[in-house]
Amino acid sequence: MKIRERILVFGGLALFFFAVTYAFWQEGEAKKIPTPVAKGPGENCVESREYMRENHMLLLNKWRHSSVRDGERIHVTPDGREFEKSLNTCFECHGSRGFCINCHTYAGAKPNCYGCHHEM
Amino acid sequence: MKKAVMPLIMVVLLAFVPYVAVQFAGLGFLFGVIIPYVAIVVFIGGFIYRVVDWARSPVPFRIPTTCGQEKSLDWIKPNRLESPSNFWEATGRVLSEVLFFRSLFRNTKAELHNGPKLAYGSSKWLWLAGLAFHWSMLVVVLRHYRFFIAKVPGFVQLLEDVDGFLDITLPALYVTDVILLAAVTFLVIRRFQDVKVRLISLPADYFPLFMILAIALVGVLMRYIVKVDVMSVKDLMVNLVHFNLALPEGIGALFYVHLFLVCVLAMYFPFSKLMHMGGIFMSPTRNLANNSREKRHVNPWNPDSKFRTYAEYEDEFREKMKKANLPVEKK
Ligand code: HEM
């Protein structure tokens with residue numbers, strides 16, 4: 001191989017290697033999922049923790065839809081507890097927007113709630 | 001048909017293995033930690049091996065495929081891209097191939113009509129679907145860096161924002177997801193639909209298509225329908241890239257299906273047609289300058305042989321040639 005070909009081939013391979021292992025060179029640790037800071041009594045949430053971790057966005061979306069469009073502002077859980085459909089209801093136990101932002105920044109998922117809603 | 005069914009069965013089986021193993025046999029560590037490490041080593045090692053192997057193969061002759069005027073005399077206009085005459089022009093040609101699939105744009109179709117008449121026509125769909133598929137797959141893969149890097153890099157966030165700009169569905173629909181699925185589906189149907197293409201299609205053509213389709217379908221399923229806990233997935237991935245062998249609890253089995261199919265694809269990659277990713281840069285028919293009129297390229301393993309040049313020939317026979325009225329170069 002001529003010297004220029006050598007540089008091209010190994011330069012290209014180095015580029016490939018760097019692109020594939022890009023994440024390996026980055027700083028940072030895996031984050032421990034922050035335990036929900038619930039002010040109310042323990043298992044007080046509208047759904048189980050497992051459900052909320054994966055599906056909270058769907059629940060909030062449903063709340064928005066049914067309260068704004070259909071005027072149904074009260075959420076009734078399967079075991080009969082009633083909640084007002086409002087971010088403020090969440091914040092009663094979960095503090096503030098900071099509770100959302102924490103994980104959302106880590107996961108690189110931007111919630112668009114706060115385009116309209118503001119913190120108390 | 002069998003050529004397509006076997007790969008399909010293989011992909012379905014491969015998808016079931018991690019699902020059963022994680023859900024019922026508790027083999028999360030194998031599928032979440034060990035196999036991904038093996039896969040990345042095989043992928044990188046295999047890829048480098050293949051490229052180095054190509055690089056070591058001798059290319060004694062200039063064999064670029066051209067379809068334009070070669071550079072020759074000053075007053076003949078050369079076609080710099082179609083018949084590159086130096087390194088930079090050849091680079092331009094390779095890049096236009098890699099980035100825009102330039103030669104595929106020339107794709108034509110041949111049809112037999114009543115008569116019988118053979119008709120050739122323009123056929124850009126393969127080019128369009130191929131380009132759409134490759135670019136959206138690149139964006140999808142780059143966007144995945146958000147699972148591997150603790151602090152999501154700016155360019156990944158930018159890609160996400162642009163990709164999700166429609167802001168419909170929850171979480172926001174990525175345009176590239178739609179394009180990727182549509183384009184791969186087209187590429188599969190293309191192989192079924194035309195008899196000639198069906199005839200030359202092999203299991204090795206269907207398998208990667210089905211694998212990519214399955215990976216994308218499971219990914220889309222996870223994002224929009226059957227949610228997985230993205231936080232734990234990210235913990236796992238960030239742990240892996242820092243060689244911290246801890247498996248977080250509670251990741252849905254569907255994720256392991258996605259990950260395992262990706263690992264199989266990565267290990268299959270260096271030994272399959274997918275190596276065209278490296279091969280396109282290494283093809284002598286594409287990356288050589290067409291300059292054999294300008295430069296003499298000597299085959300390096302030519303035996304030493306004694307050549308007789310015309311000048312020597314003329315030196316020996318000049319007088320006789322003059323007598324016979326043959327033209328000579330030196331008087
Ligand atoms: C060839 C490589 C891969 C392809 C083509 C692929 C494709 C996809 C696609 C099309 C989606 C739908 C959502 C989106 O576009 O982001 C997705 C989602 C996802 N992928 Fe992949 N993927 C690949 C590799 C991986 C790897 C290595 C991981 C390991 C972390 C992974 C984890 C995920 C997760 C967790 C989701 C769900 C995202 C969410 O819920 O927002 N993928 N994948």
Side-chain angles (χ1 to χ4, degrees), chain A residues 1-36 47-65 100-113 115, chain B residues 40 43-44 47-48 51-52 54-59 87 91 141-153 156-157 160-161 164 167 169-172 222 224 226-244 246 248-250 252 266 277-278 281-282 287:
Chain A
M1 258 194 293
K2 280 194 242 117
I3 194 78
R4 187 171 68 187
E5 286 170 11
R6 228 171 253 240
I7 292 172
L8 279 172
V9 170
F10 288 103
L13 282 177
L15 212 64
F16 164 79
F17 182 77
F18 178 73
V20 174
T21 58
Y22 181 66
F24 286 81
W25 308 102
Q26 307 298 316
E27 298 286 314
E29 283 176 30
K31 187 175 196 147
K32 298 288 160 281
I33 296 171
T35 329
E47 289 280 355
S48 72
R49 183 187 286 174
E50 289 67 36
Y51 179 86
M52 291 306 275
R53 266 197 194 142
E54 294 170 1
N55 298 294
H56 60 279
M57 68 301 261
L58 297 183
L59 184 96
L60 289 173
N61 204 37
K62 237 189 269 167
W63 276 18
R64 179 188 68 177
H65 197 98
C100 317
I101 297 303
N102 220 341
C103 297
H104 271 268
T105 309
Y106 180 57
K110 275 191 197 162
N112 56 11
C113 313
Chain B
I40 195 162
F43 175 62
I44 295 178
F47 194 101
I48 291 177
V51 170
V52 170
W54 279 324
R56 289 159 53 97
S57 313
V59 182
F87 172 76
T91 305
V141 169
L142 287 179
R143 277 201 285 91
H144 273 69
Y145 272 131
R146 81 183 168 102
F147 299 122
F148 295 84
I149 300 171
K151 189 177 173 311
V152 180
V156 175
Q157 194 67 56
E160 291 230 12
D161 291 346
D167 213 356
T169 78
L170 192 85
M222 269 195 295
Y224 304 102
V226 190
K227 306 284 179 188
V228 296
D229 180 8
V230 172
M231 293 296 286
S232 319
V233 169
K234 178 152 184 175
D235 283 349
L236 172 63
M237 287 311 166
V238 174
N239 276 338
L240 286 187
V241 297
H242 291 107
F243 301 103
N244 179 3
E249 293 283 301
M277 179 181 172
F281 295 98
M282 306 299 291
N287 66 16

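Worth knowing before you read on, the calculation uses all heavy atoms, side chains too, and leaves out hydrogens, waters and symmetry mates. Given the structure is predicted, the values throughout are model-derived calculations rather than measurements. The chains referred to below are lettered A, B, ... by the order of the sequence lines, with proteins before strands, and numbering in each begins at 1.
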inquiry  = Rounded at 0.5 Å granularity, tell me how far CD in E5(A) sits from CE in M282(B).
reply    = 8.5 Å

ask   = Can you say whether D161(B) sits under 4.5 Å from chain A via the side chain, the backbone, both, or neither, judging by heavy atoms?
value = side chain

note = So CD of Q26(A) and OH of Y145(B): to nearest 0.5 Å the spacing works out to 9.0 Å

request  = Check whether any side-chain heavy atom of V52(B) sits under 4.5 Å from a side-chain heavy atom of F10(A), and report yes or no.
outcome  = yes

inquiry  = Is E27(A) in contact with chain B via its backbone, its side chain, both, or neither, using a 4.5 Å heavy-atom distance?
reply    = backbone

Where G108(A) and V152(B) come nearest, the two heavy atoms and their spacing = CA-CG2, 3.7 Å

request  = Please flag which part of L58(A) lies under 4.5 Å from any non-hydrogen atom of chain B: side chain, backbone, both or neither.
outcome  = both

ask   = Which atoms form the tightest heavy-atom contact between L240(B) and F24(A), and what is the distance?
value = O-CE2, 4.2 Å

message = To the nearest 0.5 Å, what is the distance between CG on L8(A) and OG1 on T91(B)?
response = 7.5 Å

request  = Under the side-chain contact (heavy atoms from CB on, under 4.5 Å) rule, what do F281(B) and V9(A) come out as? Steps first, then yes or no, please.
outcome  = CA-CA 9 Å; F281(B) 295 98; V9(A) 170; over 6 Å; no

request  = Would you check, one step at a time, whether the test side-chain contact (heavy atoms from CB on, under 4.5 Å) holds for E160(B) with K110(A)?
outcome  = CA-CA 9 Å; E160(B) 291 230 12; K110(A) 275 191 197 162; over 6 Å; no

inquiry  = For T105(A), which atoms come within 4.5 Å of any heavy atom of chain B: side chain, backbone, both, or neither?
reply    = backbone

task = Please name the pair of heavy atoms, one in A150(B) and one in Y106(A), separated by the smallest distance, quoted to 0.1 Å.
result = O-CD1, 3.7 Å

request  = Drop me the distance from L170(B)'s CG to R64(A)'s CZ, to the nearest 0.5 angstrom.
outcome  = 8.0 Å

task = Could you list the residues that satisfy ring pair (Phe, Tyr, Trp, His ring centres under 6.0 Å) with F43(B), not counting sequence neighbours?
result = F16(A), F269(B)

request  = Provide the closest heavy-atom pair for K227(B) versus N55(A) in the form atom of the first, atom of the second, distance.
outcome  = CG-OD1, 3.0 Å

query = Non-hydrogen atoms of chain A under 4.5 Å away: do they reach the side chain of N244(B), the backbone, both or neither?
reply = neither

Under 4.5 Å from a heavy atom of chain B, the part of F17(A) involved = side chain

query = Of L142(B), I149(B), V241(B), which meets side chain to side chain contact (heavy atoms under 4.5 Å, CB included) against Y22(A)?
reply = I149(B)

ask   = Is it the side chain or the backbone of V228(B) that comes within 4.5 Å of chain A heavy atoms, both, or neither?
value = backbone

request  = Taking the side chain as every heavy atom from C-beta outward, state whether I44(B) and T21(A) have any atom pair closer than 4.5 Å.
outcome  = yes

message = For A107(A) versus K234(B), what's the shortest heavy-atom pair and its separation?
response = CA-CD, 4.4 Å

